[in-house]
Amino acid sequence: MALRVYNTLTGEKELFVPLVPGKVGMYVCGVTVYDYCHIGHARAGVVFDVIFRYLKYAGYEVTYVRNYTDIDDKIINRANQEGSDYRTVADRYIGAFDEDMARLGLQKPTVEPKATDHMDGIITIIEALITRGHAYMSGGDVYYAVESFPDYLKLSGRTLEDMLAGARVETGDKKRHPMDFALWKGSKPGEPWWHSPWGNGRPGWHIECSAMSMEFLGKTFDIHGGGKDLVFPHHENEIAQSEGANGCQFVRYWLHNGFVNINSEKMSKSLGNFFTIREVLKSYDPETLRFFILSAHYRSPLDFSDQNLDEAQAGLERLYSCLAALDRVPVGDNGPDAALTPVGEELREKVTQFRSRFIEAMDDDFNAAQALGPLFDMVRGTNRFLAESGEQAGASRQLLGQLRALLMEAGGVLGLFTVPPEQWLAGIKAAGVGRLSLTVEQIEQLIAERREARQTKNFTRGDEIRDQLLAAGVQLLDSAQGTTWNVK
RNA sequence: GGCGCGUUAUCCAAGAGGCUAGGAGCCGGUCUGCAAAACCGUUAACGUCGGUUCGAAUCCGACACGCGCCUCCA
C-alpha cells in the first residue's frame, strides 16, 4: 500500500507522489495573531502535526512551513482598541500561540515565517502580477483582477456567477469587479506601513502566504493545508496570486481539515460559541484533547462537548493503563520467551500484524481514527494475556517488550504517550482532586476510619463512609494491598 | 437563491460492493463481606423509498432531516 490523500482540488483521494522523490514540501496556514487560539486552531494544529509526523515516519524528508500572519486589519483594530501598536499585539499572540501548540505537543515546523519579514517577496509578486496584467492600481491600493485568471475558483468548484448570485458583495468604487481583492492597501494615518512602488501601505490578506511559501518551498510544491474555511477566499486567492505571477502550478495536493462544532454548529468567532485552548486545558489534559481530535477523521466535523472529552479521556486512560501494566511486569530472565499459551499466541499474532494495520489506516488519507483500532486491539490482547499469566508474564518479556515498543512507535506518530504512564495516570487523578470539596487529608482520614470499621466487621459504618465519599466524587478502590482512591 | 457535504446500534466513531473496526454504555463473568474499580466476555446499526448487482452502509435516483460555503474565520 502507498499513501493516498484526499485532494480538495480534484475532490478525490489520490496516490501521493511528491515532486521530488523522497522529499515533501508542505505549507500550512497558521494564524492571524490578534487573539488567543480556540479549539478550531487546536484541531488544525494537531491534524497537520500528525500529517507532518506520519510523512517523516513514512521516510520522507519534509520541509514544513507554517506562517504567522502578523499584519492585518484585525491586529490593527485590536491594537487601536487597547491603545497599543500592532507589533505589541502580534508578538503577544505569537507567544500565546507557541505556548498553546507546545502544550498540545506539536512538533516545531521546519520554518515559521512572519509576514512582516517578507515584504520584499510580497512586493515582488505584486509587481509580477501587475506586469502580467493580473493586478491594477486604484486609489492608492492594488487589486487582483479576478477576471484575468480563468482558473479562479477552481478549488471551490464554483464560478464567479455562482458567487455573485444572491451574494452580498459590495461594488467598491475602487474595484473593477466586485470579487477583486486587495493585494496592497495604502495606509491611512496612524496605521503601520511599509514602502512600496505604490506608496506607503501594507499587504492585503492572502498575499503573504504566496510570498512565504514561494520563498521556502518554491513556485510549485506538494502539500498546502489549512481549515476548510480557508478554501474560499484565502486559498482560492493564493492560487490566483501564485499561479498568476509564476505561470505554473502552485500546489499539487490541497488538504483541508473539518470544523469543530458545538451542538452540531460551527465554532467560530462571529457566532461567539468558541472555547480557547487555554480554557479547555484547565479542565482537560492536553493529550486528552489531542486524542479527542484524533478520534475523528480529520475531514469530518468534530463535535466538541464535555461528554465527548470525557470519553476521550476514558479511552486514553485505557491505553495508558495498559502501558503502566506493562511497566509493572516483573523482569524475567534474558533467555528466550517461554512457550506461549493460546492466549499468548493470539497476542503474538496481533503484535505481528500491528504495524501493517496501523500503516494501512494512516496511508488511507491519514485516518488516525481508524489507526486507533489496532492499538486498542493490542491492548485488549495484552490485558487478557497479563491477566492469564500473572506472575509468569516476565517469562514473555521479549514479546511484551516488542509490543510496548510498537505502542510507543504508533504514539510517536500520533503524538501520544509522551508522559510516563504512571505519571500521566497520576496527573489525571491530581486534576480531579482539584475539583473536589474534600481535601486529600480528609479523604485519607475517612479511609482510615473505614478500615478500622471493616476490621471489626462493622460493614454498615464502612459502607456509609464509602457512600459518603462517593457522593463527594471520591471512588474507593479496595484491593489486597489496601484501599486507594480515585476521583470520579 | 447558487454550490457542496453529511445521516452507521443507547452515545461517540471507522468502513465506501462480499472480509471482527474501535471506544463509552448495557448485560453476563472473575474478584469482593457486599460493592466499586480493574480485567474478561457479550449485544446491536447502516435516514426513507425505489433502482443496478449473484450480492449494497458501500454504486445510481428521488425524498426527508441536519450542516457548511457564497462575508472575517482553523
Side-chain angles (χ1 to χ4, degrees), chain A residues 11 13 28-32 34-35 37-48 72-74 77 153 156-170 179 205 225-234 256-261 264-271 274 291-292 295-297 299-303 305 307-319 321-322 325 343 357 361 364 367-377 379-380 382-384 386-388 454 457-460 462-463 466-467 469-470 475-480 483-486 488:
Chain A
K13 271 189 212 169
V28 173
C29 289
V31 282
T32 299
Y34 73 103
D35 204 350
C37 289
H38 55 65
I39 304 303
H41 298 107
R43 184 177 197 190
V46 167
V47 159
F48 287 102
D72 174 86
D73 289 357
K74 282 186 296 223
N77 290 342
L153 301 177
S156 39
R158 281 174 287 200
T159 64
L160 282 173
E161 293 72 50
D162 291 341
M163 298 296 273
L164 292 174
R168 300 139 282 183
V169 187
E170 283 176 39
M179 295 296 288
W205 182 43
K228 243 188 177 110
D229 45 357
L230 294 182
V231 172
F232 181 86
H234 189 53
H256 294 97
N257 65 276
F259 297 131
V260 176
N261 291 158
S264 304
E265 281 199 329
K266 176 185 173 181
M267 174 188 294
S268 79
K269 291 259 172 170
S270 42
L271 291 172
F274 64 93
F291 184 85
F292 167 65
S295 68
H297 184 92
R299 283 188 285 116
S300 308
L302 181 64
D303 215 55
S305 68
Q307 190 198 327
N308 290 348
L309 263 294
D310 288 341
E311 280 191 13
Q313 187 174 89
L316 186 56
E317 209 169 337
R318 184 170 163 85
L319 260 18
S321 297
C322 178
V343 171
R357 286 184 66 195
D364 186 10
N367 197 334
Q370 187 178 26
L372 252 19
L375 255 70
F376 281 104
D377 262 0
V379 165
R380 192 188 314 108
T382 303
N383 288 335
R384 202 177 158 185
L386 256 27
E388 182 200 61
R454 293 179 74 210
K457 303 280 184 211
N458 183 356
F459 293 120
T460 316
D463 291 351
R466 182 171 71 198
D467 293 344
L469 283 169
L470 189 62
Q475 190 168 54
L476 296 186
L477 309 174
D478 291 332
S479 77
T483 300
T484 56
W485 55 278
N486 233 327
K488 196 162 188 275

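For clarity, every value in this text was computed on a predicted model and none was experimentally measured. Convention: sequence-line order gives letters A, B, ...; per-chain numbering from 1.
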What does the list of N/O pairs under 3.5 Å between the protein and nucleotides 30-37 of chain B look like, with a distance for each?
unit_1, atom_1, unit_2, atom_2, d
G33(B), N7, Arg454(A), NH2, 3.2
G33(B), O6, Arg454(A), NE, 2.9
G33(B), N1, Asp463(A), OD1, 3.1
G33(B), N2, Asp463(A), OD2, 2.9
C34(B), O2, Arg466(A), NH2, 3.0
C34(B), N3, Arg466(A), NH1, 2.8
C34(B), N3, Arg466(A), NH2, 3.4
C34(B), N4, Arg466(A), NH1, 3.3
A35(B), N6, Asp478(A), OD2, 3.1
A35(B), N1, Asp478(A), OD2, 2.9
A35(B), N3, Arg466(A), NH1, 2.7
A36(B), O2', Gln475(A), NE2, 3.3
A36(B), N1, Asp478(A), O, 3.3
A36(B), N3, Leu476(A), O, 3.3

With 3.5 Å as the limit, what N/O pairs link the protein to nucleotides 13-18 of chain B?
unit_1, atom_1, unit_2, atom_2, d
A14(B), OP1, His297(A), N, 2.7
A14(B), OP1, Ser300(A), OG, 3.3
A14(B), O3', Asn367(A), ND2, 2.7
G15(B), OP1, Asn367(A), ND2, 2.4

Pairwise N/O distances under 3.5 Å, protein to nucleotides 65-69 of chain B:
unit_1, atom_1, unit_2, atom_2, d
G68(B), OP1, Lys266(A), N, 3.4
C69(B), OP1, Lys266(A), NZ, 2.5
C69(B), O2', Arg158(A), NH1, 3.4
C69(B), O2', Arg158(A), NH2, 3.2
C69(B), O2, Arg158(A), NH1, 3.0

Using the 3.5 Å cut-off, write out each protein N or O paired with an N or O of nucleotides 38-40 of chain B and the distance between them.
unit_1, atom_1, unit_2, atom_2, d
C40(B), OP1, Arg380(A), O, 3.1

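For Gln370(A), the side-chain contact (heavy atoms from CB on, under 4.5 Å) partners are Ala361(A), Asn367(A), not counting sequence neighbours. For Arg318(A), the salt bridge (Lys or Arg N to Asp or Glu O under 4.0 Å) criterion is met by no residue, not counting sequence neighbours. Considering only residues two or more places apart in sequence or on other chains, His234(A) meets the ring-ring contact (aromatic ring centres under 6.0 Å, His included) condition with Trp205(A), His206(A). The side chain to side chain donor-acceptor pair (under 3.5 Å) test applied to Ser295(A) returns no partner, not counting sequence neighbours. Considering only residues two or more places apart in sequence or on other chains, Asn486(A) meets the side-chain contact (heavy atoms from CB on, under 4.5 Å) condition with Lys429(A), Gln475(A), Leu477(A). Residues forming a salt bridge (Lys or Arg N to Asp or Glu O under 4.0 Å) with Asp377(A) (at least two apart in sequence, or on another chain): Arg357(A), Arg380(A). With sequence neighbours left out, Asp303(A) forms a salt bridge (Lys or Arg N to Asp or Glu O under 4.0 Å) with no residue at all. For Asp467(A), the salt bridge (Lys or Arg N to Asp or Glu O under 4.0 Å) test picks out no residue, with sequence neighbours left out.
At least one side-chain heavy atom of Leu153(A) sits less than 4.5 Å from a side-chain heavy atom of Phe232(A).
Note: CZ (Arg357(A)) to P (A21(B)) measures 11 Å, nearest angstrom. Following rounding to the nearest Å, Asp35(A) (CG) and C72(B) (C1') show an atom-to-atom distance of 13 Å. In this structure, Asn77(A) atom CG and C72(B) atom P are separated by 14 Å, rounded to whole Å. One interatomic measurement links the two molecules: CD of Glu311(A) to C1' of G22(B), which rounds to 12 Å at whole-angstrom precision.
For G1(B), the paired nucleotide is C70(B), the pair qualifying as Watson-Crick or G-U wobble because both relevant distances are below 3.5 Å. Partner assigned to C27(B) is G41(B), using Watson-Crick or G-U wobble distances below 3.5 angstrom. Pairing for C63(B) is with G47(B), a Watson-Crick or G-U wobble pair whose two hydrogen-bonding atom distances lie under 3.5 Å. In a base pair of the Watson-Crick type (N1 to N3 plus N6-O4 or O6-N4) or a G-U wobble (N1-O2 and O6-N3), with each distance short of 3.5 Å, U20(B) is matched with no nucleotide. In a base pair of the Watson-Crick type (N1 to N3 plus N6-O4 or O6-N4) or a G-U wobble (N1-O2 and O6-N3), with each distance short of 3.5 Å, A57(B) is matched with no nucleotide. Nucleotide G33(B) forms a pair with no other nucleotide shown, judged by Watson-Crick or G-U wobble geometry with both contacts under 3.5 Å. In a base pair of the Watson-Crick type (N1 to N3 plus N6-O4 or O6-N4) or a G-U wobble (N1-O2 and O6-N3), with each distance short of 3.5 Å, U52(B) is matched with no nucleotide.
When only modelled atom types and interatomic distance are considered, Ser264(A) and Asn261(A) share no side-chain donor-acceptor pair under 3.5 Å.
Between atom CD of residue Glu265(A) and atom CZ of residue Phe259(A) there is a gap of 12.5 Å, rounded to the nearest 0.5 Å. Here Leu316(A) contributes atom CG and Leu375(A) contributes atom CG; the two are 10.5 Å apart, rounded to the nearest 0.5 Å. A distance of 10.5 Å separates CE in Met179(A) from CD in Glu161(A), rounded to the nearest 0.5 Å. Remark: Asn383(A) CG to Glu388(A) CD distance equals 13.0 Å, nearest 0.5 Å.
Base orientation at A57(B) is syn, since its O4'-C1' glycosidic dihedral falls within 90° of 0.
The same atom, P, is picked in U20(B) and in G4(B); the two are 36 Å apart, to the nearest Å. To the nearest whole angstrom, the two C1' atoms, one in C54(B) and one in G2(B), are 42 Å apart. Rounded to a whole angstrom, the distance from the P atom of C49(B) to that of C39(B) is 41 Å. Spacing between U7(B) and G47(B) at atom C1', rounded to whole Å, works out to 6 Å. Using P as the reference atom, A62(B) and C3(B) are 13 Å apart when rounded to the nearest Å. Taking the C1' atoms as reference points, A21(B) lies 13 Å from A45(B), given to the whole Å. Comparing the C1' positions of G25(B) and G41(B) gives an interatomic distance of 15 Å, to the nearest angstrom. Taking atom P on both C59(B) and U8(B), the two are 15 Å apart, rounded to the nearest angstrom.
The residue Val28(A) sits apart from the nucleic acid: no heavy atom pair falls under 4.0 Å. Among the atoms of the strands shown, only primed sugar atoms or phosphate atoms (P, OP1, OP2) are found under 4.0 Å from some heavy atom of Gln307(A). Across all strands shown, Gly30(A) has heavy atoms under 4.0 Å from sugar-phosphate atoms exclusively, and none from any base. Contacts of Gly40(A) with the nucleic acid, taken as non-hydrogen atoms under 4.0 Å apart, include base atoms.
Taking the charged nitrogens against the carboxylate oxygens, Lys13(A) and Asp364(A) do have a contact shorter than 4.0 Å, which makes a salt bridge.
For the pair Arg43(A) and Ala314(A), both in contact range of RNA chain B, the more 5′-proximal nearest nucleotide belongs to Ala314(A). Comparing Tyr34(A) and Phe376(A) against RNA chain B, the residue whose closest nucleotide sits nearer the 5' end is Phe376(A).
Taking the six-membered ring for Trp and thresholds of 30 and 60 degrees, Phe376(A) and Phe291(A) have ring planes more than 60 degrees apart, a perpendicular arrangement.
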